[in-house]
Student: 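Please find one structure pasted underneath; my questions will follow.
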Protein chains: 2
Amino acid sequence: MRPKSLEKEAAIRSIALQIISEEGLENLSMQKLAKAANISPRTIYIKYENKEDLLVKLFIEEVLGAYEKAVLENFDPKMGFTEGMKKLWLNTFSYLKNNKPAFSLIQYGKSSPLLNKAFQEKNIRQGEFFAPIHTFLKIHVKTGLIPDLPHDVHRALLFSPIQDLVAEYFDHLDRPVQIITEEVILTCCEIVIKGITNQKNNEQH
Amino acid sequence: MRPKSLEKEAAIRSIALQIISEEGLENLSMQKLAKAANISPRTIYIKYENKEDLLVKLFIEEVLGAYEKAVLENFDPKMGFTEGMKKLWLNTFSYLKNNKPAFSLIQYGKSSPLLNKAFQEKNIRQGEFFAPIHTFLKIHVKTGLIPDLPHDVHRALLFSPIQDLVAEYFDHLDRPVQIITEEVILTCCEIVIKGITNQKNNEQH
DNA sequence: AAAGTAAGTAAACGTTTGTTTACTTTTAAA
DNA sequence: TTTAAAAGTAAACAAACGTTTACTTACTTT
């Protein structure tokens, strides 16, 4: 029997991401994708059940999987809070700034009902994405360094600014002067850390 | 001559938002919209040049216009920093939590190249959205209360968490216990304020 | 009351959509 | 070397797409 061509599957995924990033999810069609990948539309249906299946697998497996791996590289839940946060922020920035297609689909994941639902179901059925961050935060809640808030609230406070900064990095890409640099990222990270940490020695009653 | 029916225009806009919110931007079609609004497709083209024109006007005029107005209600750039921030955060929360369709399209504005481009062009040509917030931050930079960072960086640090919290509010809507309440919003706002403000009396060298 | 004109409709335009049918090619195992 | 079977292709399917044509309705103005 003839084996599946892995190159063709990889081409489908990367070209789909490219179209979504450049023209938007609403302008991705199976026929456009097939033509751009130089294959027959039928070939896509050998690897994916239908368009929704393709989009969901692209989002969950290709994009979020690689994103999680990149963010957690050289990160350990037992790290000190400041060290860990800076590692996570810098990993996020250096991965996403070189992967605009991935960032685009992650953004769509917050808008599209289809992708949003897929994300929540995956989180429930197969365990949370970014589980080591979960552990990391729990440890620092236990020591009393950061307040005991729901994990989703922690995420909003600690990581939504870095994602917004990446969006701004891309918005400024064609301008002469870059304002979102690694130095700015670290400054912002320190500001976020300062906000969340309980500096017990400073309590004034 | 026969006047335009304002009700029909309003119906087009509100039903379009509803479809985008429930089924996604990628599933909004002119024919579906016309049928849902009980009008002929041609009627939409009396009021809008084409589909892109409809989407852009929906985003810029209907959604961002109303959003800006709601967020700035009873806000004054001359307010104290903590007071102003809390006002902006609570206004944002109370407006968006009752306007899921608006929130959905705002999220799409960060993903879709069409809407993103429209937003940037409008900001350049007709002056920034949320100009009073600009002024507000400049005042508190001048007094030295907050660091002098680019406005986009301020925005990421000060307002991206509240937008993320609204997204989480909607994600948790069908669960028995609500975790995103006005109280949580205020707690988070205080954490963000604590991070950004230069507490000169606490400097330890 | 009549005229004039924009608003609005029903139906259809040519394209493109997601997907499938009928067929050919490729390749590992017999 | 033959063969079974999945991979892959070209072409086409009905349905839905964005948009327009030809026509009717409704309302302001004269």
Side-chain angles (χ1 to χ4, degrees), chain A residues 1-62 105 108 112-115 117-118, chain B residues 1-62 105 108 112-115 117-118:
Chain A
M1 107 175 78
R2 184 179 175 180
K4 282 193 193 185
S5 161
L6 291 176
E7 303 140 35
K8 279 181 185 168
E9 172 131 29
I12 290 171
R13 295 193 175 208
S14 86
I15 291 171
L17 280 175
Q18 200 181 315
I19 293 174
I20 291 169
S21 172
E22 286 169 10
E23 305 177 41
L25 183 59
E26 62 275 25
N27 289 308
L28 173 73
S29 80
M30 300 300 259
Q31 311 203 127
K32 189 188 275 182
L33 171 56
K35 192 168 243 175
N38 253 311
I39 53 168
S40 162
R42 183 71 181 81
T43 305
I44 305 174
Y45 286 87
I46 293 172
K47 296 155 201 298
Y48 305 95
E49 226 177 278
N50 50 40
K51 193 183 180 183
E52 294 204 345
D53 183 47
L54 166 65
L55 289 176
V56 168
K57 286 189 173 144
L58 205 60
F59 179 52
I60 300 288
E61 295 171 12
E62 183 88 2
L105 193 57
Y108 269 112
S112 157
L114 172 71
L115 298 184
K117 196 181 146 214
Chain B
M1 105 176 81
R2 184 178 175 181
K4 282 193 194 185
S5 161
L6 291 176
E7 303 140 35
K8 279 181 182 167
E9 171 130 29
I12 290 171
R13 294 193 177 211
S14 85
I15 290 171
L17 281 175
Q18 201 181 315
I19 293 174
I20 291 169
S21 172
E22 287 169 10
E23 304 177 39
L25 183 57
E26 62 275 26
N27 290 308
L28 174 73
S29 80
M30 299 301 259
Q31 309 200 127
K32 189 187 276 182
L33 171 57
K35 193 169 243 175
N38 253 311
I39 54 168
S40 162
R42 181 74 181 81
T43 304
I44 305 175
Y45 286 87
I46 293 171
K47 296 154 202 299
Y48 304 96
E49 227 177 277
N50 49 39
K51 191 184 180 183
E52 294 204 344
D53 183 46
L54 166 64
L55 289 176
V56 168
K57 285 187 175 146
L58 205 60
F59 179 52
I60 300 289
E61 295 172 11
E62 183 89 359
L105 194 57
Y108 269 112
S112 157
L114 172 71
L115 299 184
K117 195 180 147 214

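Owing to the predicted nature of the structure, the values given are computational and were not obtained by experimental measurement. Protein chains get the first letters and strands the later ones, always in sequence-line order, with residue 1 at the start of each.
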Student: B:K35 NZ to C:dA10 C1': how many Å, rounded?
Tutor: 13 Å
Student: If you compare every side-chain N and O of B:S5 against the phosphate oxygens of C:dA7 (OP1, OP2), does one of them come in below 4.0 Å?
Tutor: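 B:S5 to C:dA7 OP1/OP2: no side-chain N or O under 4.0 Å.
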Student: Whole angstrom is fine here: how far is it from CE in B:M30 over to P in C:dT17?
Tutor: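 After rounding, the gap between these two atoms is 17 Å.
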Student: Could you pick out which residue, A:R42 or A:K32, lies toward the 5' side of DNA chain C when each is mapped onto its nearest nucleotide?
Tutor: A:K32
Student: Name the pairing partner of D:dT25, where a pair is Watson-Crick or G-U wobble with both distances under 3.5 Å, or state none.
Tutor: C:dA6
Student: If I take atom CG in residue A:N27 and atom P in nucleotide D:dC17, what distance separates them, rounded to the nearest angstrom?
Tutor: 14 Å
Student: Please work out if B:T43 contacts a base, only the sugar-phosphate, or nothing of the nucleic acid, heavy-atom cut-off 4.0 Å.
Tutor: base
Student: Does B:E49 or A:I46 map to a spot on DNA chain D nearer the 5' end, using the closest nucleotide for each?
Tutor: A:I46
Student: Can you tell me if A:E61 has over 12 outside heavy atoms packed within less than 6.0 Å of its CD?
Tutor: yes
Student: OP1 or OP2 of D:dA11 less than 4.0 angstrom from a side-chain nitrogen or oxygen of A:S40, does that happen here?
Tutor: no
Student: Quick one: B:L25 CG to D:dC17 P, roughly how many Å, whole number?
Tutor: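 Rounding to the nearest Å, CG of B:L25 and P of D:dC17 are 14 Å apart.
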Student: Expressed as a whole number of angstroms, how long is the span from B:Q31:CD to C:dA10:P?
Tutor: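 The answer, rounded to whole Å, is 14 Å.
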Student: Are any side-chain N or O atoms of B:K57 and backbone N or O atoms of B:R13, one a donor and one an acceptor, separated by less than 3.5 Å?
Tutor: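 Pair absent, no side-chain N/O of B:K57 close to backbone of B:R13.
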Student: Starting from P on C:dT16, measure out to CD on A:E23 and report it in whole angstrom.
Tutor: 14 Å
Student: Expressed in angstrom and rounded to an integer, what is the separation of A:K51 atom NZ from C:dT16 atom P?
Tutor: 15 Å
Student: Write down the distance between OH (A:Y48) and P (D:dG8), rounded to a whole number of angstrom.
Tutor: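 Those two atoms, OH and P, are 12 Å apart.
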Student: If you compare all heavy atoms of A:S40 against all heavy atoms of A:A34, which two are closest, and at what distance to 0.1 Å?
Tutor: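 Where A:S40 meets A:A34 most closely, the heavy atoms are C-CB, 4.0 Å.
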Student: Is any side-chain nitrogen or oxygen of B:K47 closer than 4.0 Å to OP1 or OP2 of C:dG8?
Tutor: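 The answer is yes; a side-chain N or O of B:K47 sits under 4.0 Å from OP1 or OP2.
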Student: Going by the salt bridge (Lys or Arg N to Asp or Glu O under 4.0 Å) test, which pairs reach into residues 19-36 of chain B, not counting sequence neighbours?
Tutor: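 For residues 19-36 of chain B, and leaving out neighbouring residues, the salt bridge (Lys or Arg N to Asp or Glu O under 4.0 Å) pairs sorted by first residue read B:E23-B:K32.
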Student: Would you say a side-chain N or O of A:K8 is under 4.0 Å from OP1 or OP2 of C:dT26?
Tutor: no
Student: Specify the residue among A:N38 and B:Y45 whose closest nucleotide of DNA chain D lies further upstream toward the 5′ end.
Tutor: A:N38
Student: Can you find a pair of side-chain heavy atoms, one from A:L25 and one from B:L25, that are under 4.5 Å apart?
Tutor: no
Student: NA contact type, B:L28, heavy-atom cut-off 4.0 Å: base, sugar-phosphate, or nothing?
Tutor: sugar-phosphate
